[in-house]
Amino acid sequence: MRRTGGWPAAFLLLAAWAAHADETAGRPHHESPAPVAALPGATPCPSRGESLGGIAAPAHAAATLAPHRAAVASAYPLATEAGEAMLKRGGNAFDAAVAVSAALAVVEPTSSGLGGGGFYLLHRASDRFETMLDAREKAPAAASRDMYLDAEGNPVERASTVGARAAAIPGEPAAFEYLAEHFGRLPLAVSLAPAIRLAREGFPLYARLQNAIRFKHELLLHSPAAAKVFLTADGQVPELGAIIRQPELAQTLEAIAAQGAKGFYRGRVAEDLVRGARAEGGIWTRADLESYRVIERKPLVGRFGEARIVSASPPSSGGVALIDALHILSGYDLPRLGAVTRKHLVIEAMQRAFRDRAVYLGDPDFVEMPLAQLTSVDYAAGQRSSIRLDKAMPSDLLPGVEPAPVGPSTTHLSVLDAAGNEVAATISINLFFGSGVMPAGTGVFLNDTMDDFSVKPNTPNAFGLVGNQQNDIQPGKRPLSSMTPSFVTTPSGTMIIGTPGGSYIISMVILGTLDYLEGQSAAQIVSDPRYHHQFLPDVVEYEPGAFTPAEVSALAAMGHQLEQGTRRWGNMEVITWDFASGKVEAASDPRGEGSGLVY
Ligand code: DON
C-alpha cells in the first residue's frame with residue numbers, strides 16, 4: 001500500500017498545537033485533556049497509571065425525573081427474562097446484568113461465556129458514580145510477541161483463532177463476583193440461578209444457534225466435550241427445538257455461585273481448565289488463572305452538542321473512536337446538510353477514528369497513549385481540517401499503518417432499573433464458539449481473544465484490523481478491543497447502547513448515537529441500515545438500504561469506494577429513557593433473535 005507521510009501529518013501537528021486550555025476549563029479532571037505541544041505518540045502518556053476508579057456524572061438536567069419503568073435488552077429472550085427475574089426479586093440493574101450475562105453464556109454460547117471477557121459500563125443512580133469494569137481477557141504469562149509467527153516471521157494461519165493457544169485468560173467470572181460484591185444487592189447464588197437452571201434443564205435449539213453449529217461443525221467435532229453438548233450422538237447438527245443441556249457448565253456455574261470467582265479461578269474447575277487447555281497445546285497455568293483481576297477504569301467522556309457521551313476506555317478502542325468521530329462531526333451542522341454530504345462526513349470521521357485506533361491504542365497498563373489528545377475537541381478540529389466536503393480522502397494519504405466476515409459472536413446487554421441504575425455490557429469469546437476448545441468437565445469454551453492482539457505489525461486480524469507494537473503480545477497484557485458499551489445522555493433523556501460486530505461495532509455505535517440524537521426511537525435505532533469505514537481497507541461497506549442508488553452514485557463520484565455487504569451486521573441492544581415523561585423503550589436488533597422488555 002502506498003503511503004505518504006507529508007501534509008496530513010502537518011494537520012495532526014496543528015491539531016495538537018491547537019489545544020486551547022480555555023475550552024476545557026471547568027470540566028472535571030477526567031474530562032480535561034492536558035494541553036499538549038507534540039504529535040500524538042511522541043508525548044509521555046498522561047493516561048498511564050490513572051486507570052483506577054470512576055467518575056461522577058453531572059445531575060440530569062431535568063429538574064424532576066418522572067417515575068419510570070425498568071428495562072432489559074439482550075440477544076436472547078431467555079436471557080432477557082433472567083434479568084427481569086432479578087429485578088422482580090428486588091435486585092438492581094447490576095444483579096440483572098450478572099443474571100443476563102450468565103444466561104447468555106448458556107443460551108448464546110457462540111458469542112460470550114465464562115471462558116471470555118468484556119467490558120461492563122456502569123452508572124449508579126444514588127451518587128451518579130460511573131465506572132467501567134475491565135473484565136477483558138489477559139495474555140497468559142508464557143505468551144510472547146511472536147508466538148503466532150513461523151520461522152520466517154509470517155503469521156501461522158488460524159494459530160491465533162483456533163485451538164487452546166488462541167485463548168487468553170478469561171475475565172467474565174471475575175466480573176460476576178465484582179458486580180455482586182461492589183454494586184449488586186443479591187448473592188451470586190440468586191443471580192446465577194436462572195443460568196444454572198437453563199444449563200441443567202436445557203433450552204430448545206433455535207435457528208441462529210443451529211446455523212452457528214452448522215458453520216462450526218468441524219470445530220465442534222474436534223472437541224469431545226463440546227460435541228457431546230452441541231451435536232447429536234452420531235456427530236450431526238441437532239434439529240431445531242432439540243433440547244440443549246449443559247450439565248458440566250451447570251456445575252461450573254454452581255461452583256461460582258457457591259465460592260465466587262474462586263470457584264472458577266482456583267480448585268477443581270481451574271485444574272480442569274488448565275489440564276484441558278494444555279492437552280490442546282495451550283500455555284495456561286494455574287498461576288495465570290489465580291492472578292486474574294477485574295480492573296476498574298474511568299470511562300471515557302466526550303461531548304457532542306448537548307449530549308454527554310460515556311463509553312469504554314482502553315483496552316477497548318471503542319470509546320476513543322466513538323468520541324473522536326463525534327468530535328470531528330461536531331464541527332458540522334449535520335441536520336442541515338444534505339443526506340449525501342452527511343453520510344460522506346460520517347464516513348470520513350469513521351476513517352480517521354479507525355486510523356488512530358491502529359496507530360495509538362493498546363492496553364493502558366503496558367503502553368503509553370495520547371488519550372487526552374485523541375479525545376480532545378482540538379485534535380478533532382485538526383482532523384476535520386483535512387476533510388473536504390466534496391471529496392473522499394484516500395486512506396493512504398493519511399499517515400498510519402485489510403477485512404473479514406463478521407459473525408454473530410460477541411454479545412451486548414443493556415439494563416435500566418427503576419432506580420435509574422444503568423448497565424451497558426459488551427462481552428465476548430471473540431469468534432463463534434471462541435477457540436472451539438471446551439476442556440472436559442467444565443462446559444466452558446475457551447476464547448480466541450489472543451487474535452485481538454496485533455500478532456505482527458500491520459497484519460490484519462480476523463476483523464481486518466491492523467495495529468503496531470502498541471497492541472503487541474506481552475505476558476499479562478490485555479488485547480485491544482472494539483467493544484463499545486456506551487451511555488448517551490442529553491438534557492432530555494438517555495440511551496444505553498452496544499452491539500457485537502468486531503470492528504463494525506464502533507461504526508454501529510456512532511450511527512446509533514447520531515440516530516438517537518436525531519430523535520429516533522429505540523426500535524428505529526436498532527433497525528437502521530448501517531455503513532462502515534475502518535481506514536484499512538479504504539472501502540465503505542454498507543448494508544442493503546443504507547444508501548439510496550442516488551447516494552451510492554454521489555458518494556462514488558466523491559471518490560468513495562463502496563461495497564454492498566452480503567450480510568447484515570450487528571445485534572444491537574438499546575434502551576432509551578425520556579426524563580420528562582418517564583417513557584422507557586427497549587429494543588433488540590431485528591437482525592438477531594433477542595428481546596427488549598420494559599417492566
Ligand atoms: O473485542 C473485540 O473487539 C472482538 N473480540 C469482538 C468480536 C466480535 O464482536 C465478534 N462479533 N461479531
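Each residue takes its place number in the sequence, starting with 1. One-based numbering, in listed order, for ligands and for the atoms of each.
Of all atoms in ligand 1, listed by their number and element, those nearer than 4.0 Å to a heavy atom of Ile505 are 9 (O). Listed by number with element, the atoms of ligand 1 under 4.0 Å from a non-hydrogen atom of Thr410 are 6 (C), 7 (C), 8 (C), 9 (O), 10 (C), 11 (N). Within the listing of ligand 1, atoms 1 (O) sit less than 4.0 angstrom from a heavy atom of Arg136. For ligand 1, the atoms sitting less than 4.0 Å from at least one non-hydrogen atom of Ser482 are 1 (O), 2 (C), 3 (O), numbered in the order shown with element in parentheses. Of all atoms in ligand 1, numbered sequentially from 1 with element shown, those under 4.0 Å from a heavy atom of Ser409 are 8 (C), 9 (O), 10 (C), 11 (N), 12 (N).
Below 3.5 Å of separation, one finds an N or O of Gly502 facing an N or O of ligand 1. No N or O atom of Leu480 sits closer than 3.5 Å to an N or O atom of ligand 1.
Taken to the nearest 0.5 Å, the CD1 atom of Ile347 stands 11.5 Å off from the CZ atom of Arg352.
Under the salt bridge (charged side-chain N to carboxylate O under 4.0 Å, His left out) criterion, the residue pairs touching residues 442-458 are Arg136-Asp452, with sequence neighbours excluded. Within the structure, side chain to side chain donor-acceptor pair (under 3.5 Å) pairs that include any residue of residues 472-484 comprise Asp134-Arg478, Tyr292-Arg478, Arg357-Ser482, Asp472-Gln474, Asp472-Lys477 (at least two apart or interchain).
For Thr449, no heavy-atom contact with ligand 1 is shorter than 4.0 Å.
Ion pairing between Asp324 and Arg355 fails under the 4.0 Å rule for side-chain N and carboxylate O. Asp589 has a carboxylate O that lies under 4.0 Å from a charged side-chain N of Arg530, or vice versa, which qualifies the two as a salt bridge.
Between Tyr206 and Tyr76, the ring-plane angle classifies as parallel under the 30° and 60° cut-offs. Note on ring orientation: taking the six-membered ring where Trp is involved, the planes of Phe445 and Phe230 are parallel (angle under 30°, cut-offs 30° and 60°).
Within the structure, ligand 1 lacks Tyr504 among the residues with a heavy atom less than 4.0 angstrom away.
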